[in-house]
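See structure below.
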Amino acid sequence: APRCRWLGDDTGRWRGESESAGWGHGGSRPPRPHSPPSWAKPAVGRAAQSKPWGSNFGREQQLPAMLARCRSTEEVLEEVQRWRNRDRREQTLGERTAGVSALGRWSLWLQALALLGEARSLGVAPDIVLYGAAMAACARGAQWLRVLELLNEIPSEGGLRRNLVTSNIAIAACGRASQWKLALHLFEDLASWGMRPDVVSSASALNACAQGHQWQAVLALLGAIPEKMVAPSIVSYNTAVSACEKAQRWMDALSLVSSLHSRRLQPDVVTYSALMSALEKSHQWSKALSTLSEMRDRDLVPNIITFSAAIRACGAAVPMVVGLLEDMRSIGLTPNALTYSAALSVCVRAAHWSAALALFEEARVRDRVSDHIMCNAVVAVCARASRWEAALGVVHSMETWGSTPDVVSWNTALSACERGSEWACALGLFEHMQTLSIAPDVISRSNLISACAHGRLWKAALDQMQVMRSCSMEPNLITYNASVYATAAAQAWPQALALVS
């Protein structure tokens, strides 16, 4: 009778294999065999009359189907345990592989390894598919050392050799664990095992180097990929551009994108978004806007990330930000918190408090966007412009907008009062902050001491210094300078000299 082997992947595919005729059905189940002839029924028995070709038929299909319907780890464990309680002679290697794969999908890597070890104790020789399923389970559970142990165990099993699938799993697992040197070693070691890397191998090795912030290794590997007879994909180039972006190597990122045409590859939205971020971090606003224009020439629709990077690249050019927000709406994109946060950061750099308030009001009323970061950004730009009334107004209105002020919000408001020489307001704000059970930190007390210095309240400043020491807070240079200024302005020279000494 034909037997079916579970492939152990997430697609639920089956492969039919005939030991005698050698037929295969690829991704479909083998045809249902005909019932045994009438003369054979007495010999087969009653069980065979209800299940053609004996009671074992279809069981290898039953376990994967049952596992696919599981919706929780408890259901998976229960189904696997039910299978383990069956007669050992009725358990097949394909079912065991299906169990290991299902456990891996739910990150139950310890149980997956237990099933693999149980096969050895029962004298069942694991095949390469079972090893791959166990490695994938450990990789999903972030157990990269276990993955490498299993990979090294494969050659010790009789007649087995690691293949490209198991090697790719190991490369990806090392990459996710930031073990880029190991991932690169495994990639280079493929040739010694008679394997040629594929697109998955190359992408995994590039990702490993990129996550390890090794942009030089990424570029070197990308240049060596064609020598290994693997054509780099746009995904590989996107990884390289992103690595250059994180390293603030905008010229290398721009060079990579420019070389895509010679490789007969077309840049996509991900490519341009990574390039835009690289240009933004290096304050190359003119090139960022040119990149945005180039995307439109290629009929590529920029996304939220692309526009946000372009907005951040504007430096302190608030009018450009307003224009980009209108461009977003013209193509059907609604600015979100990320976009408005980028726009407000430009207002902070430009100290343009009125534009920040207008943008924030537009976000809150027109697009119904308001979050903690945006509120703090508006308070910060008002503080920088010494607009303490506006800063306090935003802080006191945050709760009505669904965002509770945190210690950063109050610290920025205290800074606004200090810049505006509103020491009385700063004292009241500090007391209100404590009534809300928000613990002041070093910045809170430093801002309050600076505000007291403007009012020549040297006793209040020294009291705060004493409280900081009692709370094991180390005053910083700004705190000492403000305290000395407060005591000196009030001609309290002994206290000023005591602070300096």
Side-chain angles (χ1 to χ4, degrees), residues 7-11 13 97 100-101 104-105 109 127-155 157 160-244 246 256 259-260 263-268 270-271 274:
L7 294 183
D9 56 13
D10 291 336
T11 60
R13 292 178 298 142
T97 304
V100 170
S101 296
R105 285 192 294 272
W109 60 273
D127 61 4
I128 195 65
V129 182
L130 179 54
Y131 265 109
M135 290 174 63
C138 293
R140 188 179 287 267
Q143 301 295 317
W144 62 275
L145 281 172
R146 302 270 186 174
V147 173
L148 294 181
E149 288 175 4
L150 289 172
L151 184 69
N152 291 328
E153 283 179 16
I154 293 176
E157 300 288 342
L160 287 185
R161 276 178 64 87
R162 65 177 69 176
N163 59 11
L164 195 55
V165 174
T166 53
S167 297
N168 287 349
I169 293 172
I171 294 172
C174 291
R176 284 191 290 269
S178 299
Q179 299 292 327
W180 65 273
K181 289 183 179 179
L182 279 174
L184 202 56
H185 172 73
L186 289 169
F187 180 79
E188 297 292 343
D189 198 42
L190 290 176
S192 65
W193 289 91
M195 291 180 282
R196 192 173 67 185
D198 60 2
V199 175
V200 177
S201 316
S202 305
S204 298
L206 284 168
N207 277 328
C209 295
Q211 290 185 15
H213 305 288
Q214 302 295 319
W215 64 271
Q216 301 98 325
V218 170
L219 295 182
L221 184 58
L222 187 66
I225 285 177
E227 299 176 4
K228 299 180 181 295
M229 305 301 291
V230 181
S233 64
I234 189 62
V235 176
S236 301
Y237 271 91
N238 288 348
T239 302
V241 174
S242 180
C244 293
K246 289 181 175 62
L256 284 170
S259 67
L260 289 176
R263 297 285 185 184
R264 297 182 179 179
L265 292 172
Q266 294 296 325
D268 56 15
V270 177
T271 314

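One distance of note links OH of Y237 with CG of L260; it measures 6.5 Å at 0.5 Å rounding. Note: L190 CG to E188 CD = 8.5 Å, rounded to the nearest 0.5 Å. For the atom pair CG of N168 and CE of M195, the computed distance is 8.5 Å after rounding to the nearest 0.5 Å. Taking CG from L164 and CD1 from I169, the interatomic distance works out to 10.0 Å, rounded to the nearest 0.5 Å.
Shortest non-hydrogen contact noted between S233 and V199 is OG-CG1, 4.0 Å. In this structure, S201 and I171 approach most closely via the heavy-atom pair O-CG2, 4.4 Å. Across A139 and V147, no two heavy atoms sit closer than the pair N-CG2, 3.6 Å. Summarising the geometry of G141 relative to W109, their closest heavy-atom pair is CA-CD1, 4.0 Å, with the distance given to 0.1 Å. The two atoms that bring R162 and D189 nearest to each other are NH1-OD2, 4.2 Å, heavy atoms only. Residue L256 comes nearest to C244 through the heavy atom pair CD1-SG, 4.0 Å, listed as atom of the first residue, atom of the second, then distance.
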For a quick test of your reading: what N or O donor-acceptor pairs under 3.5 Å do the side chains of residues 205-223 make, sequence neighbours left out?
residue: N207; atom: OD1; partner: T239; partner atom: OG1; Å: 3.4
residue: N207; atom: ND2; partner: A203; partner atom: O; Å: 3.2
residue: Q214; atom: NE2; partner: G212; partner atom: O; Å: 3.1

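Of the residues S167, P197, C174, the one that meets the side chain to side chain contact (heavy atoms under 4.5 Å, CB included) test with F187 is P197. Applying side chain to side chain contact (heavy atoms under 4.5 Å, CB included) to M135 and the options V165, L130, I154, V100 leaves one that passes, I154.
Remark: the backbone N or O of N238 is not paired with any side-chain donor or acceptor of S242 at under 3.5 angstrom. R176 places no side-chain N or O within 3.5 Å of a backbone atom of W144 that could act as its donor or acceptor partner.
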